[in-house]
Each structure stands twice: as structure tokens, then as C-alpha cells.
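Here's the structure we're looking at; comments come further down.
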Amino acid sequence: MKPTASNGSEPRNFFQDVHEVVRLIPPGRVSTYGTIAHYLGARHGARTVGYAMLAAHTAEQYVPAHRVVNRLGHLTGRLHYTSPTAMQEALEAEGVRVEEDRVLDFAKLFWDPAVELA
DNA sequence: TCTTTGACAATCC
DNA sequence: TGGATTGCCAAAG
């Protein structure tokens, strides 16, 4: 809560960066926290990305957080949705097969910004 | 090979 | 105001 934005460095809100990348994820594709964190330059900042997702519902623009899962393909944030099945249904509506709170063919649906946006 | 610890940014109480 | 916590990942032991 102390935006020490008096330095020469640019403390661009990590949330905005994360939300921006998540919005770039095309429908029917999924990405992971670590990939986004790595794309932003923070390999160990995956946790921060996860927290940014927690605040996704506070963003002005809609953030398809349902397209972001952990590295194992688990729908970790499903409990944070309005309903426990909202995330799964949202993914299935886009053609993503979800079973047991896991994304099937996760390797094929995986979307890497560093590669797709290269 | 499996287990454990380190890491980054922001929010809540 | 500060410490603990959070939708976690990667590397070291």
C-alpha cells in the first residue's frame, strides 16, 4: 500500500501486467501461473501471479481467469468462482475438456505467451 | 528419484 | 503498522 513510485524504476502494477497477459489468452486455450510469471520476467513470482488472479474480479476489465490453471492443469481457482462448477463450465463452453477438476489434453491446449506472442 | 526450501508482490487484520 | 497469508513454481539437497 506504499506506492513508492518516486524511483527511476517503473513499478508498474504487477496486476495489470498479469491481467493483460491473461486477457491475451485465446478461447479454448489455457495457460499457467509460472509461464505468465516467467513471461513477465519473474520466474519465482508465480505466487504473485496467483494472487493477481485472486484480485481478477476486482479489475475493471474482465479477466478470463478460468483459462489460467496451475502447472499440473488443476483448476485451483474453481472455489473462488461464484459457483464451484462455473470455472469448469466456462472452460467446457470453450471446448476445453475438464474432468475431475483437471484439464484434459493440457499439453495441447497449453498456451505460452513467450511462444504464441513471439 | 523424491523431498524440502526459497522466491515475489499485494492484501487482510 | 507489521506479520502472516495467498488460486504456486523452480531448483537444490
Side-chain angles (χ1 to χ4, degrees):
Chain A
M1 288 236 197
K2 274 214 164 158
T4 56
S6 313
N7 292 339
S9 57
E10 295 184 16
R12 185 181 292 170
N13 284 357
F14 214 82
F15 281 31
Q16 284 199 333
D17 282 344
V18 174
H19 293 168
E20 185 178 356
V21 174
V22 173
R23 277 191 232 115
L24 291 174
I25 301 175
R29 296 277 185 166
V30 292
S31 189
T32 66
Y33 303 94
T35 303
I36 295 170
H38 186 269
Y39 178 71
L40 295 176
R43 341 180 266 217
H44 293 265
R47 242 180 12 169
T48 312
V49 174
Y51 198 88
M53 292 284 136
L54 182 71
H57 68 99
T58 62
E60 294 92 353
Q61 291 189 349
Y62 173 70
V63 178
H66 61 274
R67 295 177 194 155
V68 182
V69 296
N70 63 358
R71 188 173 92 71
L72 303 175
H74 280 252
L75 277 59
T76 51
R78 111 193 117 118
L79 294 174
H80 288 265
Y81 275 74
T82 55
S83 67
T85 56
M87 187 173 181
Q88 179 175 343
E89 290 181 6
L91 286 171
E92 287 184 344
E94 294 181 353
V96 179
R97 301 263 99 195
V98 179
E99 189 169 313
E100 303 244 343
D101 298 337
R102 286 184 293 176
V103 177
L104 301 183
D105 296 334
F106 175 68
K108 291 197 258 183
L109 298 174
F110 180 75
W111 184 82
D112 192 343
V115 175
E116 303 290 340
L117 299 179

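The sequence lines fix the lettering, A, B, ..., with proteins before strands; numbering per chain opens at 1.
For the pair H38(A) NE2 and dA10(C) P, the computed distance is 9 Å after rounding to whole Å. Between the CZ atom of F14(A) and the C1' atom of dC8(B) there is a distance of 7 Å, rounded to whole Å. If you take CD1 of I36(A) and P of dC8(C), they are 13 Å apart, rounded to a whole angstrom. Between the CZ atom of F15(A) and the P atom of dG7(C) there is a distance of 12 Å, given to the nearest Å. To the nearest angstrom, C1' of dA10(B) lies 11 Å from NE2 of H19(A). The nearest whole Å value for the distance from the CE atom in M53(A) to the P atom in dA9(B) is 16 Å. R43(A) places its CZ atom 13 Å from the P atom of dA9(B), with the value rounded to the nearest Å.
dT5(B) and dT5(C) are spaced 16 Å apart, taking the P atom of each and rounding to whole Å. If you take atom P in dC8(C) and the same atom in dC2(B), they sit 22 Å apart, rounded to whole Å. Rounded to a whole angstrom, the distance from the C1' atom of dT1(C) to that of dA10(B) is 16 Å. Using atom P as the reference point in both dA4(C) and dG6(B), the two lie 15 Å apart (nearest Å).
Y81(A) meets the ring-ring contact (aromatic ring centres under 6.0 Å, His included) test with no other residue; sequence neighbours excluded. Remark: Y39(A) engages no residue in a ring-ring contact (aromatic ring centres under 6.0 Å, His included) (not counting sequence neighbours).
Shown here is R97(A), whose CZ atom has no more than 12 heavy atoms of other residues, nucleotides or ligands within 6.0 Å.
L109(A) and L24(A) fall into different hydrophobic clusters, where Ile, Leu, Val, Met, Phe, Trp and Tyr are joined by side-chain heavy atoms under 4.5 Å apart, directly or via other members. Cluster annotation: V69(A) and M53(A) are assigned to distinct hydrophobic clusters (Ile/Leu/Val/Met/Phe/Trp/Tyr, side-chain heavy-atom contacts under 4.5 Å, transitive). W111(A) is not connected to V30(A) by any chain of hydrophobic side-chain contacts under 4.5 Å among Ile, Leu, Val, Met, Phe, Trp and Tyr, and they are in different clusters. In the hydrophobic clustering of this structure, V68(A) groups with V63(A); members are Ile, Leu, Val, Met, Phe, Trp, Tyr whose side-chain heavy atoms approach within less than 4.5 Å, directly or through other members.
Side-chain contact between T32(A) and N70(A) is absent, with no heavy-atom pair separated by less than 4.5 Å. Side-chain contact between F110(A) and V103(A) is absent, with no heavy atoms from C-beta onward closer than 4.5 Å. With contacts defined as side-chain heavy-atom distances shorter than 4.5 Å, the pair R67(A)/S31(A) does not qualify.
Considering all non-hydrogen atoms of both residues, R29(A) and V96(A) come closest at N-CG2, 4.5 Å.
Ion pairing between D101(A) and R78(A) holds under the 4.0 Å rule for side-chain N and carboxylate O.
For the segment residues 55-70 of chain A, residues with any heavy atom less than 4.0 angstrom from an atom of DNA chain C are, sorted by number, A65(A), V68(A), N70(A). For DNA chain C, the residues of residues 72-94 of chain A within the heavy-atom distance limit of 4.0 Å (strictly under) are T76(A), G77(A), H80(A), sorted by number.
Using modelled atom types, one finds a donor on one side chain and an acceptor on the other under 3.5 Å when comparing E94(A) with H66(A). Donor-acceptor pairing under 3.5 Å is recorded for the side chains of Y33(A) and T76(A).
Between R71(A) and the phosphate of dA10(C), there is a side-chain N or O to OP1/OP2 separation shorter than 4.0 Å.
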Using a cut-off of under 3.5 Å, enumerate the N/O to N/O pairs linking the protein to nucleotides 4-7 of chain B.
from: dG6(B); atom 1: N2; to: H44(A); atom 2: ND1; distance (Å): 3.1

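Closest approach to the Y51(A) side chain among dC9(C), dA9(B), dT6(C) is made by dT6(C) (side chain taken as heavy atoms from C-beta onward).
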**Study point:** Watson-Crick and G-U pairing of DNA chain C written in dot-bracket, each distance under 3.5 angstrom, with | for inter-strand partners
**Key:** .|||||..|||||
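Comparing L54(A) and T35(A) by the nucleotide of DNA chain C that holds the closest heavy atom to each, the one mapping nearer the 5' end is L54(A).
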